[in-house]
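Below: one structure, written as structure tokens.
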Amino acid sequence: MIGRRSLLAAPALLVTVPAFAHSYRHGDLMIGHAWCLPSEGATTRAFMPLAVVQDQPDALVSARTDVAEAVEFRPVAGGPAAPRWDIVPRRPIGMRSDGPHLLLTGLKRPLKVRDRFPLTLVFQRNGAKEVEIWVERAPYSS
């Protein structure tokens, strides 16, 4: 049986438990948990799942942030930058460290675990959406 003290303590638990994920809906796009690795020198890699939930495709055509001079689309780890990413319905882009990712270059400050910063994604059909990037060693680890 739950005692009176337990019931009074329950709201305090809700205040102290951090949120472990964040995602966004933007038009008919879903943008999953947005995170990046701590910086090593003047670059870092950022990740987030992207998916179109309706029948019309879209494309990620640019991205920008105040913490870096440039954001590049890298469809293959270690490969060249792409000018855009096509997002096909029912074929989500799952970014990961050994695959597709965003490369932030010319960092203006070091990025440490638990830092957060805004990143604006610009889509051809759905327009611009600002997301918050969480700096983590792995998703949900900060």
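Just so we're clear, the structure is a prediction, and the values are computed from it rather than from any experiment. All residue numbers in this chain count up from 1 along the given sequence.
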Inset, instruction - Decide whether Val131 and Leu107 are clustered together by the hydrophobic rule: side chain heavy atoms of Ile, Leu, Val, Met, Phe, Trp, Tyr closer than 4.5 Å, transitively. - result: yes
Inset, instruction - Hey, could you give me the CZ/CE distance between Phe73 and Met95, rounded to the nearest 0.5 Å? - result: 8.0 Å
Inset, instruction - State which residue, out of Gln54, Arg125, Gln56, fulfils the side chain to side chain donor-acceptor pair (under 3.5 Å) condition with Asp28. - result: Arg125
Inset, instruction - Using the side chain to side chain donor-acceptor pair (under 3.5 Å) rule, collect all pairs that involve residues 60-75, keeping only residues at least two apart or in two chains. - result: Glu72-Arg74
Inset, instruction - Find out whether Leu103 and Val71 are in side-chain contact, i.e. whether some heavy atom of one side chain is under 4.5 Å from a heavy atom of the other. - result: no
Legend entry - Rounded distance [0.5 Å steps], OH in Tyr24 versus NZ in Lys129: 7.0 Å
Inset, instruction - Answer yes or no: does atom CZ of Arg25 have more than 12 heavy-atom neighbours from other residues, nucleotides or ligands under 6.0 Å? - result: yes
Inset, instruction - Step through the shown structure and confirm whether more than 12 heavy atoms of other residues, nucleotides or ligands are within 6.0 Å of CD on Glu130. - result: yes
Legend entry - Atom of Pro38, atom of Thr44 and distance for their closest heavy-atom approach: O-OG1, 3.7 Å
Legend entry - Close side-chain approach of Arg84 to Gln124, heavy-atom, < 4.5 Å: yes
Inset, instruction - Find the distance between CH2 (Trp85) and CD1 (Ile93) and round it off to the nearest 0.5 Å. - result: 6.0 Å
Inset, instruction - Enter the distance from Ile31:CD1 to Ser23:OG here, rounded to the nearest 0.5 Å. - result: 9.0 Å
Inset, instruction - Please name the pair of heavy atoms, one in Ser39 and one in Pro110, separated by the smallest distance, quoted to 0.1 Å. - result: OG-CA, 3.5 Å
